[in-house]
Structure formats: structure tokens, C-alpha cells
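Both ligands and their constituent atoms are indexed starting at 1 by order of listing. Every heavy atom of this structure was used, including side-chain atoms; hydrogens, water molecules and symmetry mates were not.
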Amino acid sequence: MIIETLEKLIQPAFTNCGYECDCSVIESNRPELCDYQCDNSFKLAKIYHQSPAVIANAVVEKIKQIENIDYYFEKIEFANPGFINFTLNNEFINNCLEKMTNEENFGLKTGAPKTYFLDYGGPNIAKPLHVGHLRSAIVGESVKRILNFGGNNTVCDVHLGDYGLQIGEVIYGLKEKNLKPTDITLELLDTLYPEMSARCKEDESLKEACATITKDLQDGNEEYREYWKVICEISGNDIKRLYEYLDVSFDLWEGESSAYKYLPMLFDKYKKEGKLVVSDGAYVIPVTKDTDAKELPPLIFRKSNGAYLYGSTDVATIYERLNNYKIDNFLYFTDLRQGLHFEQVFRSCEILGIASRDKFEFCGFGTVNGTDGKPFKTRAGNSPKLDGLFKQVKEVLVESKDTLASASEQDLDILVNSIIKFADLQNNRERDYIFDIEKFSKISGKTGPYILYTYLRLNKILQLEDCSCLKYSNTQVNKSERELKIQLLTLGKNFNKAQEEKMPSYICDYIYNVCNYANTFYENNRIKAEKNTEVKNNWLALIQTTTKILKSMLNLLVIDIPSVM
Ligand code: ARG
């Protein structure tokens with residue numbers, strides 16, 4: 001990575017001047033002046049009681065004496081009151097780009113790969129998926145791809161909600177209508193769950209009856225199990241179809257129910273070890289610490305009626321996962337509102353001796369709002385089924401551009417995906433965002449279609465040319481070309497941040513900036529008509545690197561490339 005190369009290069013200058021520090025190089029915040037800068041002299045000034053100017057000037061002189069320094073920098077300058085500014089040498093830029101282009105995964109693989117367990121998706125059987133589940137699927141899938149691209153290993157579980165109250169409600173409704181497991185259809189489930197859920201909200205005793213069915217099912221009631229299996233199969237297939245549309249996949253298709261086989265054994269074990277505390281007949285794990293600003297409620301491991309809960313299944317699932325895999329870190333992708341739940345779960349795991357707290361990371365996300373500022377709803381109404389959302393986006397898209405009327409279904413689906421995913425992933429995931437279909441369907445602005453349009457535009461040039469032996473050269477480097485090159489070189493920094501913070505937005509920002517510079521470059525240079533082959537090949541090499549990077553980064557954002565737009 002370029003920043004590390006530069007830091008390693010200039011570090012001896014500080015040491016030789018007698019300053020002890022880990023020097024750091026950053027991208028320039030005044031690109032019109034330089035490409036990179038180093039601000040260490042400000043901190044050193046306090047330690048060595050010298051002015052930043054004295055320090056920076058001394059270091060500049062020492063940097064200039066470094067062997068072969070001209071290969072890296074065209075200019076090394078002191079700037080008031082204590083900055084060191086660097087302008088890269090064009091030959092060095094080209095060599096970096098060439099190396100990046102040819103290295104596996106652009107040289108982004110980490111030296112110390114880890115194995116991550118990712119829990120994302122989290123749909124609930126028999127309930128329609130909502131936009132919150134969409135976010136979990138998209139962010140989780142993207143982070144998985146980023147981690148793998150960085151050379152890590154991942155194991156992913158969809159973690160279905162397949163054993164909750166909604167199952168008891170649906171079974172109650174089916175039995176009430178005298179329907180057998182063989183009568184269940186998807187259409188039936190789509191109407192039955194909302195109907196039963198509404199009734200249970202009104203009628204406490206009905207809710208109790210449904211809760212009892214759920215508990216009996218968990219305890220192995222044969223009749224209920226027959227219903228449950230069919231409900232899971234039908235609803236599960238529908239969920240799989242949606243994930244296929246989104247190109248989201250999982251290694252494990254497990255759920256809350258998968259954890260039940262461990263629960264009685266774990267309950268006995270932890271009870272014997274004295275780790276469970278009795279509270280009103282329930283068995284709980286106190287998790288709060290003196291340092292907590294607000295007391296954290298205990299995790300309820302087993303209710304007084306013997307039922308296990310969401311928290312107990314999560315603990316047992318972690319126990320199972322660690323039994324089956326060697327895992328370094330667990331990542332959970334849900335709505336931020338589940339943050340408290342996961343904190344209870346993670347602390348419980350530490351208390352029970354399953355895994356230490358620092359193995360877990362909660363990757364929460366905010367709410368998707370509509371243009372009215374309230375949680376997003378489709379035209380069709382309240383709890384939007386995702387199919388309706390995809391359809392609505394497709395309609396807006398086709399209305400927005402005439403040429404798309406004749407596009408293939410496949411290309412339209414790719415574009416719909418790009419709209420939804422780029423709108424989502426470009427945000428810091430912890431923030432709420434407004435999903436404005438009109439805005440995110442446009443071919444201009446920070447949108448998926450804009451990125452894809454730019455990619456296709458650049459790729460078209462390559463298709464018309466002989467690209468078998470392109471080579472970068474530094475004859476007549478012009479401004480727009482140089483700016484694009486400098487932008488491309490920030491890949492490493494952005495990728496690493498996305499990976500460390502589990503934040504795909506860094507990659508969105510990066511490719512959006514690359515596209516802006518690439519379009520300016522395209523518009524300012526007559527690439528096709530260029531007579532000088534050396535110049536032309538250099539430009540084509542640049543386009544080749546750009547498209548190669550864009551394509552890989554789009555893949556990390558779970559966005560495919562359409563054949564035409
Ligand atoms: N089914 C849950 C929901 O709809 C999400 C599951 C998240 N994963 C987990 N291991 N608890 O909110």
C-alpha cells in the first residue's frame with residue numbers, strides 16, 4: 001500500500017534528525033498543492049520544544065538525502081507553519097498502478113487472515129421480510145465479500161427465526177380453519193400471519209394459547225411438528241428465492257430451532273456450575289457491571305415455565321458454532337435496536353466460559369426511511385413485502401430512461417439491485433437513511449446506475465481497441481489523467497477501513513470518486529483518436545486498471561454488471 005511505502009521511506013529522516021516518532025503520511029487535504037502530506041512536526045514540537053517549522057525544515061533536508069528519493073517524489077516541500085508536502089513522481093505513480101493491477105486482489109490480502117462467523121439475514125419463518133431484513137442481508141453479504149477479498153475465511157449463517165411466537169400463531173390459525181399441513185400454501189401464510197398477529201394483539205388469552213402451542217412444539221409435540229416442517233419449507237423457499245434475487249448466500253441455513261438440542265444439556269451444566277441465578281422461578285444470568293452507566297438487565301436463560309428464549313438460543317448457537325468451527329470473531333448484523341440483546345448475549349458467553357467478550361462484534365444498522373422521514377413503506381402499503389419494493393424500483397427505473405424499455409429482464413434486475421444496494425451501502429451503516437427511489441434510480445449523482453454507466457462507458461473503449469500489451473508511460477501526463485491515477489491509489493486505504501470497520505461505505509465513496517475522475521478524464525482526452533501510440537496505450541492502461549478495480553469493488557458491494565444500459 002502506497003501510504004505504508006511512503007512512511008517506511010521517510011521514517012529514517014525523522015530518526016536521523018533525532019526525533020522519535022512513528023511518522024505518518026496522509027492524503028493531501030489541499031490536492032492543488034501536493035499529493036500527500038506529513039504533519040508529524042506539530043506533535044513533535046510539543047515534545048522537543050522546537051517550532052514545527054524548524055522540525056519540518058530539518059526533516060525535509062534529511063528526506064532529500066535519502067537514496068533514490070527522486071524516483072518517488074517530484075517535489076518535497078516545507079509549507080507553513082510546519083507541513084511537509086509531497087508530490088509524487090509520475091514514474092512512481094505508474095509503477096504503483098501497474099503493480100496493483102497485476103497483483104492478486106490488487107495486493108489487498110492481509111498478512112494475518114482470521115476466520116469470521118457472520119450472522120446476517122435473520123428472516124422470520126411465516127412472516128414477510130421487511131426492509132430491515134433487506135439491510136441485514138445486503139450489509140452482511142457485502143462485509144463477507146470484503147473480508148474474503150482481504151484473504152480471511154468466513155462462515156455465514158442466515159439464522160432463521162423459526163421457533164418464535166409467530167409459529168404458534170400460524171398453527172393456531174390453521175387448526176382453527178381445520179386445515180392440515182398438506183393444505184398450507186404461501187398465499188395462505190401471507191394472509192394468515194398478519195391476521196393472527198393482529199388478533200393476538202387484541203386478545204391476551206388467544207396470545208397465551210398461541211404461546212402454549214409454540215412451547216409444546218419446542219417440547220416435541222408431534223402434530224405441531226408436522227405443521228411446522230411444512231411451514232418452514234414453504235416459507236423458507238420463498239425466502240431463498242428473495243435472497244437469490246439479491247445474490248445473497250449463506251453457508252449454513254440454520255435457525256433458532258437448531259439450538260434447542262443443546263439447551264437442556266447446557267441448562268444442567270450451567271446450573272450445576274452455579275452460573276444461573278434463580279429469579280421469580282426463572283433462571284437468569286446477571287450481566288450488568290459496576291462501570292455500566294445504566295444497569296443492563298439479566299439475560300433470561302430459562303423462563304419459569306421451562307421455556308427458552310431468544311437470548312438462550314443465541315448463547316447455545318454460539319456454543320455450537322465454537323464446537324464445530326475454529327472461529328476468531330463473531331459478527332452480528334441486525335437493527336441497532338437489538339444492541340442491548342447482543343450485549344447481554346456476549347457478556348453471558350463470557351460469564352459461562354464459552355468465549356471472551358472481545359470475540360464478538362455487533363454490527364448494528366439504522367432504519368431505512370421513506371421520503372416522508374418515517375420508516376420506509378412501498379406503494380402497496382404498510383408492511384412491505386420485498387417483491388413489491390423490487391417491482392416499484394423497476395417501474396421508476398424504466399420510467400426514468402426511455403432506452404431501458406427494451407432492456408432485458410436480466411439487465412433490469414441487475415440495475416434494480418444496484419439501486420437498492422448502492423443506496424444502502426453508501427451510508428455509514430449505523431445511520432438511518434432515506435430511500436428515495438427516484439433519486440437513487442438516476443444515472444447521475446451518487447447512485448448505483450451512475451457507477452454502472454461509467455463502468456460500461458469505459459469498458460466500451462477497451463472493447464474497441466487492442467489491449468493485449470498496454471503499458472503505462474509518463475510522457476505528457478495531463479491533469480485529469482494524473483488526478484484519476486492519484487485517486488485510484490487510495491484503494492488500499494479505503495479497502496482497509498471498510499474491512500476494519502465492517503463499513504462498505506468506504507468502498508462506495510472510493511468508487512464514486514474514481515468514477516467522477518474517470519468521467520472527467522474521459523471527457524478531456526480524445527482517447528480513440530490519439531495518434532501517439534505510447535500516449536494512447538498509457539491512457540488505455542489507465543482505463544483498464546480503472547475498470548478492473550471498479551468491477552471487483554462492485555462485486556464486493558454485491559452489484560453485478562449489466563450488458564447494456
Ligand atoms: N430474526 C431476528 C429478527 O427478525 C434476527 C436474528 C438475528 N440473529 C441472531 N442470532 N439473533 O429480528
Side-chain angles (χ1 to χ4, degrees), residues 116-141 143-144 154-170 189 193-194 197 214 218 228 231-232 235-236 238-240 242-243 248 250-260 262-263 266 287 299-301 308-325 327 329-349 354-355 359-368 375-376 383-386 429 502:
Y116 289 90
F117 200 107
L118 282 78
D119 183 309
Y120 58 92
N124 298 315
I125 288 291
K127 280 197 207 178
L129 268 77
H130 54 73
V131 278
H133 292 119
L134 186 63
R135 240 190 143 178
S136 174
I138 294 173
V139 178
E141 175 73 26
V143 171
K144 167 180 85 179
T154 55
V155 186
C156 304
D157 181 16
V158 66
H159 208 72
L160 295 169
D162 58 356
Y163 242 22
L165 179 64
Q166 86 273 20
I167 304 286
E169 292 180 351
V170 169
L189 291 178
Y193 169 71
S197 161
T214 304
Q218 292 166 355
W228 176 74
I231 296 169
C232 286
S235 180
D238 192 45
I239 291 169
K240 280 184 186 149
L242 283 172
Y243 285 148
V248 167
F250 302 90
D251 304 304
L252 304 174
W253 202 258
E254 297 201 14
E256 288 163 15
S257 66
S258 324
Y260 273 75
Y262 297 97
L263 282 168
L266 291 179
V287 292
L299 179 131
I300 302 172
F301 197 83
Y308 295 104
L309 296 170
Y310 189 43
S312 15
T313 56
D314 266 331
V315 169
T317 303
I318 293 165
Y319 173 87
E320 177 186 30
R321 288 168 183 177
L322 280 167
N323 256 349
N324 295 345
Y325 305 93
I327 297 159
N329 286 98
F330 288 87
L331 309 178
Y332 287 84
F333 297 85
T334 74
D335 191 303
L336 278 170
R337 281 170 290 192
Q338 293 199 35
L340 177 78
H341 161 77
F342 282 106
E343 191 54 39
Q344 291 174 313
V345 169
F346 302 160
R347 288 191 190 182
S348 296
C349 283
I354 297 174
K359 260 188 186 288
F360 301 100
E361 192 176 339
F362 175 60
C363 306
F365 50 78
T367 313
V368 186
F376 184 85
S383 168
K385 257 205 111 173
L386 292 182
R429 69 174 147 68
K502 326 291 179 303

[X] versus ligand 1: do any nitrogen or oxygen atoms come within less than 3.5 Å of each other?
{"X": "His341", "value": "no"}
{"X": "Glu256", "value": "no"}
{"X": "Phe342", "value": "no"}

Polar side chain donor-acceptor pair, [X] to [Y], under 3.5 angstrom:
{"X": "Gln218", "Y": "Tyr260", "value": "yes"}
{"X": "Tyr308", "Y": "Glu256", "value": "no"}
{"X": "Tyr193", "Y": "Gln166", "value": "no"}

Heavy-atom donor-acceptor pair, Arg429 side chain to Lys502 backbone, under 3.5 Å: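 A pair under 3.5 Å: yes.
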Do any N or O atoms from the side chain of Trp228 and from the backbone of Asp162 form a donor-acceptor pair under 3.5 angstrom?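 Judged by distance alone, yes, a pair lies under 3.5 Å.
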Salt-bridge test for Asp119 and Arg321: reply yes if a basic N is under 4.0 Å from a carboxylate O, no otherwise.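 Salt bridge: yes.
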Close-contact set for ligand 1 against Tyr310 heavy atoms, below 4.0 Å: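 Reading through ligand 1 atom by atom, the close ones are 2 (C), 5 (C), 6 (C), 7 (C), 9 (C), 11 (N).
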Proximity to ligand 1 by part of Phe333, non-hydrogen separation under 4.0 Å: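 For Phe333, no heavy atom sits under 4.0 Å from ligand 1.
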Backbone, side chain, both or neither: what part of Asp314 comes under 4.0 angstrom of ligand 1, heavy atoms only?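 Contact part for Asp314 vs ligand 1: side chain (C-beta onward).
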Against ligand 1, does Tyr332 come closer than 4.0 Å with any heavy atom?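 The answer is yes, since Tyr332 has a heavy atom less than 4.0 Å from ligand 1.
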